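Reviewing the structure listed below.
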There are 2 protein chains.
Amino acid sequence: MTKIRDIAKRAGASIATVSRVVNGSGYVSAGMRARIEAAVRELDYRPNAGARAMRSGSSRMVGVLLPALDVHFFGILAHTVEQALFARGYQAMICSTAESPEHEAAYVGAMLAQQVDGVIMAAVASDGAGVGRLVAAGVPIVAVDRALPGLAAVAVDHHAGGRMLARHLLDLGHRAIGVVGAPDHSAPVQERLAGITAELAGAGLAPVAVRLGAEHGFEACRALADALLGEVLPTAIIGTTDMAAIGAIHAAAGRGLVVPRDLSVIGFDDLPAARYTIPQLTTVAQPVREIGQAAVERLLALMEGKPALPPPVLALRLVERGTTGRV
Amino acid sequence: MTKIRDIAKRAGASIATVSRVVNGSGYVSAGMRARIEAAVRELDYRPNAGARAMRSGSSRMVGVLLPALDVHFFGILAHTVEQALFARGYQAMICSTAESPEHEAAYVGAMLAQQVDGVIMAAVASDGAGVGRLVAAGVPIVAVDRALPGLAAVAVDHHAGGRMLARHLLDLGHRAIGVVGAPDHSAPVQERLAGITAELAGAGLAPVAVRLGAEHGFEACRALADALLGEVLPTAIIGTTDMAAIGAIHAAAGRGLVVPRDLSVIGFDDLPAARYTIPQLTTVAQPVREIGQAAVERLLALMEGKPALPPPVLALRLVERGTTGRV
DNA sequence: TTGTACGCGTTATCAA
DNA sequence: TTGATAACGCGTACAA
């Protein structure tokens, strides 16, 4: 690794001068600057991030704590957050907790050790000790996808989303509505379910069946929906995520039901996968990419001590495709 | 941030002793150890990673350079790599280049600055200067998903995969076979195409049409397949990725073709999405998660200067589902 | 306009 | 068994 001393020697300057040109601070003559810049280029010099952070107190790194990266939703979120951070000159430290509290704790420790300047997180459990340690250390935090008590948050109104799901089906004349969802420990899923129940209650109804599972993979969701259909036969099924809805479509097909003729199905998220089925999935879209960008904006404002930005307006949008119809 | 001096003061020890217990090196009396461990716990002390890296020469961080995180395949790969690294006590520094050479260059710089102990990468372009800088800096590298000249690689044999795709269709009696793929600049996609062509040539055939596009999203793939079907009418279409194949299924449906009766479709990867369509997609599966784990294993061996492990056996597997049938 | 020297938080060497 | 201290690479007062 080439270091500042190597550049100084090569350019016939002192390390202080090299530091000045690298950081664009203080006065340096044009000739000296040119020599130093040349040396930097020739030796591919990179200031040691650790030493720099130690001196300056800022690592220019932001921790991004997500429950998973192999779940498409979070992969997309991670991607946009990372791109937004990059554009502002920050390095993302992306950590996937694999839904495990121990992982989360370990990662919080790693972030603290790395002296991250801030953290964007979608916590598995809101009571997680991880958040507390971060807060205690005075690290600015923005919660994403799901709110965290006492913290700035960038998240869609999942409860309202749940209402939209139910409302759409009610408008279509459905009265016998089932709900399939996963993972059951996910706060957004629970909030959507509450929204569904509330909207249905407003019409004097209740879900004819609710099936929540721990696993959110395709097969688990399909099995969940299949179990539901084995017990009751609603005219519509709400998936609390697109994945759950897609599982429901397959469960229906497995039982010889034609969607949407015999059964309407609606999902939530509008992931790319919502377009994969035939007919394509009707769903309530949440603006994942805007969420990521808004979270980064808010975090940077927090980090720079700027006045808190107003909460972002994150619109949910009903995307009517082919899996819902009149009863 | 609490530092080693705070612990020393609190436990009535010297920083040297604290360092010893924290790192489990050297002799420390039981009493002293207990006092220090208590202080560490009470103050939630984390050794500063930067200072540690500076002193010890190792950052215990591994760079993971991927073209994207919002593409499900890479999200899964990132996840497994990250988990495997975590299990071995390493921190992953995940960077998504968004397929841009400038991003890649910037990230390589950041990795060098962070003093990463090694790098796992799926390079956008094999001629990338990024690789050169990493090699020049003596950083151990393992290429993943696609080989890189002169480097250890963990990747499936995409050419053989291409042959399997064609072989399956030939065995089913197909003679008029089209190919749809994206992104066209992807080396794996090109290799699979070469494999397809080779296998077809062995039967005295050539693809009736090949359509490669730059974008690999659903809509782009669908449009590509639709254009192909507008020109010729093969009895089967090979997608060089599952995404392309799913696009083909939709293009076929859009033209009133029934899969697999009128048109067989086969994909590559076996992503979760391969199960979302009805009928479910026949595809050649590559073991993504094994790839990620094997890459980590190989990199750690390299980093520890161990003898190079033999190249991993990464089996491709034909998964016959519902989208292919006899002509 | 440039250079010297100190300190950031650790680890490791050497003495005690 | 413990402690004082010299690096590690950098940024920045301060001196020149």
Side-chain angles (χ1 to χ4, degrees), chain A residues 1-37 39-40 43-61 91 109-117 137, chain B residues 1-37 39-40 43-61 89 91 109-117 137-138:
Chain A
M1 277 291 73
T2 116
K3 37 201 176 189
I4 200 169
R5 258 182 270 276
D6 303 331
I7 303 297
K9 191 165 300 175
R10 175 126 174 170
S14 72
I15 62 166
T17 307
V18 174
S19 178
R20 271 181 222 115
V21 347
V22 168
N23 295 294
S25 63
Y27 303 102
V28 182
S29 68
M32 177 102 291
R33 173 183 308 280
R35 291 214 309 284
I36 292 176
E37 282 171 346
V40 165
L43 272 50
D44 192 23
Y45 167 67
R46 295 266 136 200
N48 179 304
R52 205 173 215 187
M54 207 159 87
R55 261 304 318 203
S56 70
S58 160
S59 63
R60 294 204 69 80
M61 190 141 76
Q91 175 67 44
M111 288 180 179
L112 256 15
Q114 289 291 341
Q115 309 268 87
V116 295
D117 294 343
Chain B
M1 277 292 71
T2 117
K3 35 200 178 190
I4 199 168
R5 257 181 270 275
D6 303 331
I7 302 297
K9 190 164 301 175
R10 176 131 177 166
S14 71
I15 61 168
T17 307
V18 175
S19 179
R20 267 180 227 118
V21 349
V22 168
N23 296 293
S25 61
Y27 302 101
V28 182
S29 68
M32 177 103 286
R33 174 183 308 277
R35 290 213 312 283
I36 290 177
E37 281 171 347
V40 164
L43 273 48
D44 194 23
Y45 166 67
R46 295 267 137 199
N48 179 305
R52 205 173 215 185
M54 204 161 91
R55 215 14 266 223
S56 71
S58 160
S59 64
R60 294 205 68 80
M61 189 142 76
Q91 175 66 46
M111 288 180 178
L112 256 16
Q114 289 290 343
Q115 310 266 87
V116 295
D117 294 342

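Because only heavy atoms are used, hydrogens play no part in the values below, and waters and symmetry mates are left out as well, while side chains stay in. A note on names: the letters A, B, ... follow the listed sequences, proteins ahead of strands, and every chain is numbered from 1. As the structure is a prediction and not an experimental result, all values here were calculated from the model.
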If I take atom [atom1] in residue [X] and atom [atom2] in nucleotide [N], what distance separates them, rounded to the nearest angstrom?
X       : N      : atom1 : atom2 : result
A:Asp6  : D:dC10 : CG    : C1'   : 13 Å
B:Arg52 : D:dA7  : CZ    : C1'   : 17 Å
A:Arg46 : D:dC10 : CZ    : P     : 12 Å
B:Ile4  : C:dA12 : CD1   : P     : 11 Å
B:Ile36 : D:dT2  : CD1   : P     : 8 Å
B:Ile15 : D:dA7  : CD1   : P     : 15 Å
A:Arg33 : C:dT1  : CZ    : C1'   : 12 Å
B:Arg35 : D:dT1  : CZ    : C1'   : 12 Å

Report the nucleotide, chosen from D:dG9, C:dA5, C:dT10, that has the shortest atom-to-atom distance to any side-chain atom of A:Arg55.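 Looking only at heavy atoms from C-beta outward on A:Arg55, the closest nucleotide is D:dG9.
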OP1 or OP2 of [N] less than 4.0 angstrom from a side-chain nitrogen or oxygen of [X], does that happen here?
X       : N      : answer
B:Ser56 : C:dA12 : no
B:Tyr27 : D:dG3  : no
A:Thr17 : C:dG3  : yes

Return whichever of B:Asn48 or B:Arg20 has its heavy-atom-nearest nucleotide of DNA chain C closer to the 5' end.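 It is B:Asn48, whose closest nucleotide lies nearer the 5' terminus.
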Answer with base, sugar-phosphate or nothing: what part of the nucleic acid does A:Ala13 contact at a heavy-atom distance below 4.0 Å? sugar-phosphate
Answer with base, sugar-phosphate or nothing: what part of the nucleic acid does B:Met1 contact at a heavy-atom distance below 4.0 Å? nothing
